[in-house]
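Please read the structure below before turning to the comments.
Below, chain A is the first sequence line, B the second, and so on; all start at residue 1. Computed from a predicted model, the values in this text were never measured in an experiment.
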Amino acid sequence: MDKREIAHVLRVIARMLEIKGEEAFKVRAYERAAESIERTSLQLEELAREGRLHEIPGIGKNLEPKVREMVLSGHSSFLEKLMTEIPKGLLEVMQVPGIGPKTARLLFDTLGVKDLEDLEKAVLNHEIQKIPGLGPRREAMIAEGLLEVKKYSGRVTLGLAFPFAEHLIAAFRDKGIEGQVVGEVRRCLETVSSIDLLLAVRGDPTRALLRSGLQPFASEELLCQAWRAEDEVFVFNTSLGVRLRLYAVSPEDFGLKMFWLSGPREHLEWMVRLAVRRGYDFNPSGLFRESRKIEIPQEADLYGILGLPPIPPEVRHRLDLCELARSGERISLVDVDDIKGDLHIHTTWSDGVAGIEEMVRKARALGYKYVAITDHATRVKLINGLDPDRVLAQREEIRRISSRYPEIAVLSGVEVDILKDGSLCLPDEILSRLDIVIASIHQDIGDLRGDLAERLLRAIENPNVDVIGHPTGRLIGRRAGKSAGLEEVFEAAARRGTLMEINASPDRIDLSEDMALQAYRSGVKMIISSDAHSPEGMEDMRFGVLASAKRAGLPSAAIVNTQDLSKWFPVKRASS
DNA sequence: GCCGTTTTCGGCCCGACTGTTTTCAGTCG
């Protein structure tokens, strides 16, 4: 297991311990260990072999052997033991808003609810409101939340799947096997139901995998179990909870297979129709001209033969764009390399884990020309939000640090909460002295009676507000977010020049692809930002670019932080 | 379960809100 998988497993264990009723600090310890492992730059395998894993903060004498087992053997017997006590499906049940560990346990003990399916039955039979301590309101809340959670059941976010796939491809390359990510991950869907990889292999794929020596592909027995002859693919269960599918093909047909495995279906059918019109016979076994098969080692070759530029996988579902490409029009799409700065990050001044300087260094390492420090100003006590005094103190600190990094502009900003009545939780006098103000809703999102659009409109009317952060407030697989009334919000934002954020945090992707397209069509300018709470978190930027903006077909001109700072930034208050 | 010590125990990130109660547990951010 690599770092991210181990972190994921530790978090799963934390949830299970919570359901078991273990004390909160113990649960917290597992979560901290997960964060710590994700963040460390140390080599886990080396540490594990030398018995030095305790050098990672948060790994003590109890966690050390558990983590060592994961690093060296690729599984966790502790997790396996927990799963015999706590059904894994309860973790999905706990995703439903209003169901925490206690209620999940209660539902399990009283109604035998083990998974979402059981929960749905209980809701339909109105059994939940009969449980002492719960009632009709709770049942209604669960019924509503269940719909959203069910939609994403069996899927994981791109934030988990993408690095997992990349890591495996790199590992195969190290062993001399070339491969590519295909399927949903390649198209950068915000959540995926499987991780699909294609390997270029001569001869017997089983032999090639065995020769690679990679875990868990080096066991003949496991490979035999994993082989699905009808689809010619190895299928493995991953620690992430979705299937890993390994396809293998000879190098001559690599491009062909890559195309067919990347999808989506509507694009494949569109290409077949085009090929037929151009006098070819095209099906998954090959592209044929007068019964002669044409070799397609690279996927781009296929597009070239059919007279097309290569169509990026992220927009293959957009047949309107495919048609434009066919007519010879150049399609310009925003991409990860276009991003010149991150305008939404957190530090230890609020709930981030790294200081200002560490975050600035990371921004510089990413090649950014500017970065904005935007810690929370909030009434949520758990988050150490900035009050007016600390806002100003931080601004001084940022100036001091900034002077040491002349190659990158460091902006002083804030992410200020939009309160229930649409007012902001910092006075205008303070906001007006900052370089950038992001206004976001964090509280009372679940409140059906609160009108989210009203609150956003009021925030947009405030001249100090530059950006609306994660506008719909959705959390993927948990909370749908509010899109009612957003047309009006977009119109107001376009009129006033207020920017809308595409929040790239993989649990949010907010604005989503559809919403970003709608915003673009309303004439709204957007920023894409990581909302990072750690240096590593800044790498999430790509998920916002790929899963939302690029899939929406947006050009880089629609995204303000693809431009130089001087081009758009009003420098309205820098001197105050 | 980790950590640091005024060093082997006690602290670790808190408080509002809600639906259920009739005084509070559970969830959320």
Rounded to whole angstrom units, what separation is found between the [atom1] atom of [X] and the [atom2] atom of [N]?
X	N	atom1	atom2	value
A:Leu53	B:dG1	CG	P	17 Å
A:Met141	B:dT20	CE	C1'	13 Å
A:Leu106	B:dT20	CG	C1'	13 Å
A:Leu382	B:dC14	CG	C1'	6 Å
A:Lys61	B:dC2	NZ	P	6 Å
A:Ile418	B:dG29	CD1	P	16 Å
A:His533	B:dC13	NE2	C1'	14 Å
A:Glu55	B:dC2	CD	C1'	16 Å

For [N], does OP1 or OP2 lie under 4.0 Å from any side-chain N or O of [X]?
X	N	value
A:Arg32	B:dC13	yes
A:Asn62	B:dC2	yes
A:Thr103	B:dT27	yes
A:Lys66	B:dG1	yes
A:Lys381	B:dG15	no

Would you mind telling me which of [options] lies closest to the side-chain atoms of [X]?
X	options	value
A:Arg478	B:dG1, B:dC28, B:dC13	B:dC28
A:Arg28	B:dG26, B:dG1, B:dC13	B:dC13
A:Pro136	B:dT20, B:dG1, B:dG15	B:dT20
A:Arg137	B:dG19, B:dG1, B:dC13	B:dG19
A:Glu23	B:dG15, B:dG1, B:dT20	B:dG1

>> Quick check, does A:Phe25 stack with B:dC12? I mean ring centres under 5.5 Å and planes off by under 30°.
In response: yes

Nearest-Å distance once atom [atom1] is located in both [N] and [M]:
N	M	atom1	result
B:dG4	B:dG19	C1'	42 Å
B:dT27	B:dT20	P	13 Å
B:dG11	B:dT6	C1'	14 Å
B:dA16	B:dT23	P	22 Å
B:dT7	B:dT18	P	46 Å
B:dT5	B:dC12	C1'	14 Å
B:dT8	B:dC14	C1'	28 Å
B:dT21	B:dA25	P	14 Å

> Want to settle it: does A:Gln95 or A:Arg379 sit nearer the 5' end of DNA chain B, counting the closest nucleotide to each?
Replying inline: A:Arg379

> Between A:His54 and A:Pro132, who's closer to the 5' end of DNA chain B by nearest nucleotide?
Replying inline: A:His54

> Taking the side chain as C-beta and beyond, is there a heavy-atom pair between A:Glu184 and A:Leu158 under 4.5 Å?
Replying inline: no

Would you call [X] and [Y] a salt bridge, taking side-chain N to carboxylate O under 4.0 Å as the test?
X	Y	result
A:Glu31	A:Lys26	no
A:Arg39	A:Glu35	no
A:Glu166	A:Arg542	yes
A:Glu148	A:Lys151	yes
A:Lys150	A:Glu120	yes

> Does anything in residues 50-62 of chain A pair up under salt bridge (Lys or Arg N to Asp or Glu O under 4.0 Å), and if so which pairs, sequence neighbours excluded?
Replying inline: A:Glu50-A:Arg52, A:Arg52-A:Glu55

> Looking for any heavy atom pair under 4.0 Å, which part of the strands does A:Ile99 touch: base, sugar-phosphate only, or nothing?
Replying inline: sugar-phosphate

> In Watson-Crick or G-U wobble terms, both distances under 3.5 Å, what is the partner of B:dT8?
Replying inline: none

